[in-house]
Amino acid sequence: MPWDKEYDVAVIGSGPAGEGASMLAAKEDASTVVIERHHLVGGGCTHWGTIPSKTLRHAVSEVLKLRSNPLFAKMINHAATSLPALLQNMSGVVGKQVMLRRDFYQRNHVPVVHGQASFVDPHTLSVDTGGSQRSLRAKKIIVATGSRPYRPSDVDFTHPRVRDSDTVLALDETPQTITIYGAGVIGCEYASIFRQLGVKVNLINSRDKLLSFLDDEIIDALSYHLRDQGVLLRHNEEYERVEPLDEGVVLHLKSGKKIKSDVLLWAQGRTGNTAELGLERIGLSADSRGLIKIDEVYRTAQPHIYAVGDVVGPPSLASASYDQGRFAATHAVTGENNERLVQDIPTGIYTSPEISSIGRTERELTSEHVPYEVGHALFRSLARAQITGQGVGMLKLLFHRDTLQILGVHCFGDQAAEIIHIGQAIMSQKGEANTLRYFVNTTFNYPTMAEAYRVAALNGLNRLC
Ligand SMILES: Cc1cc2nc3c(=O)[nH]c(=O)nc-3n(C[C@H](O)[C@H](O)[C@H](O)COP(=O)(O)OP(=O)(O)OC[C@H]3O[C@@H](n4cnc5c(N)ncnc54)[C@H](O)[C@@H]3O)c2cc1C
């Protein structure tokens with residue numbers, strides 16, 4: 001057992017951040033241990049976040065395709081396409097992910113201790129394994145404890161009709177109506193999923209538009225398509241109280257509106273998992289959202305203790321968390337690391353339609369007085385989209401009108417999260433290699449969605465005078 005020795009590195013949490021950190025440390029020959037309080041590895045990412053939501057979304061959109069195909073619609077077995085059945089399918093994918101990740105730890109000889117970790121002193125962790133308390137010592141400690149849905153104290157989350165993004169995955173029947181409070185990425189994604197399942201959706205936004213960090217044209221498209229699908233969108237609303245009942249739940253809004261539905265999904269932000277870490281015992285603290293402050297190499301105020309992933313705040317993405325874990329572990333083991341997260345991290349939003357974007361928006365470029373031009377490609381004019389029947393969507397390139405440097409890529413529609421990476425590859429080139437001309441001077445496979453880049457580049461060049 002791992003208790004008797006002092007490790008070079010102890011990592012708390014086995015999500016993407018903890019996995020990235022522990023694999024890097026082990027490959028650098030540092031003796032490494034991982035402490036994970038859930039009985040399976042993978043983190044919130046695998047069990048309650050990215051993997052379940054994206055698997056469910058895929059299953060729901062497959063069902064929708066069948067339903068809208070006259071050849072297959074009559075053959076659909078409704079029990080097999082209910083929410084519980086689709087969630088069952090999701091557990092298969094989660095199981096495969098867990099096996100894969102468990103294997104990484106085994107192959108790299110990294111013991112995983114299952115229990116709740118907290119600090120005893122700056123080098124000692126107490127681990128509650130559910131019955132016994134043991135302690136572990138390490139020279140360096142990496143906190144990768146992730147985050148959980150934010151739960152205000154005046155909302156009763158023990159009531160079966162009140163859910164958050166963790167507990168919504170345990171619904172035992174498909175609701176007829178759902179109210180989603182919070183129209184951030186998670187709220188919008190679940191609004192799409194439930195609507196595609198045929199559920200009546202109220203999406204309540206406390207701001208004046210959806211996902212305001214996106215380009216306005218993409219925000220407009222998302223709002224249009226959600227409404228077109230039947231999602232009832234309400235902006236600038238704040239909750240006054242939540243009234244759970246036996247036969248439903250009522251959301252009382254400060255504006256005086258009352259919205260009754262079968263289920264309420266609370267999707268109003270997240271909190272870092274720091275409350276149980278005993279940070280006060282080692283002279284560290286977290287802010288009001290449970291986040292730990294770090295420096296540019298992920299060190300906390302205790303220089304041998306690092307923090308990575310959701311527990312340090314934005315970008316709060318699985319992809320970035322993994323890299324942060326690797327960077328912190330490199331510094332912990334070798335004493336230096338010059339790698340940083342790329343400046344432009346792409347956004348992938350798995351709504352219907354899918355959205356992805358990288359770089360600056362028109363709003364930002366205008367306020368910075370950058371002389372830019374726009375090139376558009378509508379998916380409905382691409383052969384590949386016509387063949388697959390996925391004509392809803394658009395690729396939009398923003399480029400400097402003098403240098404032709406690409407400044408932003410914004411996309412919505414089928415496979416947007418994949419398509420964006422072509423633009424990212426060119427946009428991240430240094431100097432003159434970042435140019436719109438690449439897309440007109442290269443040859444694309446035909447028919448492909450990638451061809452949208454050529455169409456958008458030509459469209460943009462034609463606008464130049
Ligand atoms: C619904 C939803 C959808 C998402 N979709 C996407 C997406 O499409 N793409 C994307 O990039 N990101 C997505 N995310 C975000 C992504 O899941 C997180 O950014 C990512 O999981 C963060 O990784 P992490 O390692 O920091 O934390 P986590 O994955 O949360 O892992 C933290 C681990 O630490 C453990 N832990 C916590 N405290 C302790 C303790 N005291 N002792 C021992 N163990 C502890 C937890 O049990 C957990 O296993 C989504 C999130 C949600 C909620």
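In this text the structure is predicted, and so the values were computed from the model without any measurement. As the structure lists them, so they are numbered: ligands from 1, and atoms in each ligand from 1.
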Asp310 N/O to ligand 1 N/O under 3.5 Å: yes
Residue selection (non-hydrogen contact nearest atom 32 (C) of ligand 1) among Val311, Thr145, Leu56: Thr145
Per atom 13 (C) of ligand 1, closest listed option by heavy atom (Thr50, Ile193, Val11, Thr347): Thr50
Close-contact set for ligand 1 against Arg270 heavy atoms, below 4.0 Å: 53 (C)
Polar contact flag for Gly49 and ligand 1 (N/O pairs, less than 3.5 Å): no
Geometric N/O contact Ser165 with ligand 1, under 3.5 angstrom: no
Heavy-atom nearest option to atom 49 (O) of ligand 1, drawn from Glu36, Glu19, Glu276, Arg37: Glu36
Top protein contact for atom 42 (N) of ligand 1, by heavy-atom distance: Ala117 N, 2.9 Å
Distance-minimising heavy-atom pair for Asp262 and Gln176: OD2-N, 2.8 Å
Within-cut-off N or O pair, Ser316 and ligand 1, under 3.5 Å: yes
Pick from Ala275, Cys45, Gly278: the one approaching atom 21 (O) of ligand 1 most closely through a non-hydrogen atom: Cys45
N or O pair under 3.5 Å between Pro16 and ligand 1: yes
N or O contact, Ala318 vs ligand 1, cut-off under 3.5 Å: yes
Ligand-residue contact atoms, ligand 1 with Gly309, heavy atoms, under 4.0 Å: 26 (O)
Heteroatom proximity flag, Gly44 to ligand 1, N/O under 3.5 Å: yes
Side-chain H-bond candidate by donor/acceptor type, Ser192 with Ser352, under 3.5 Å: no
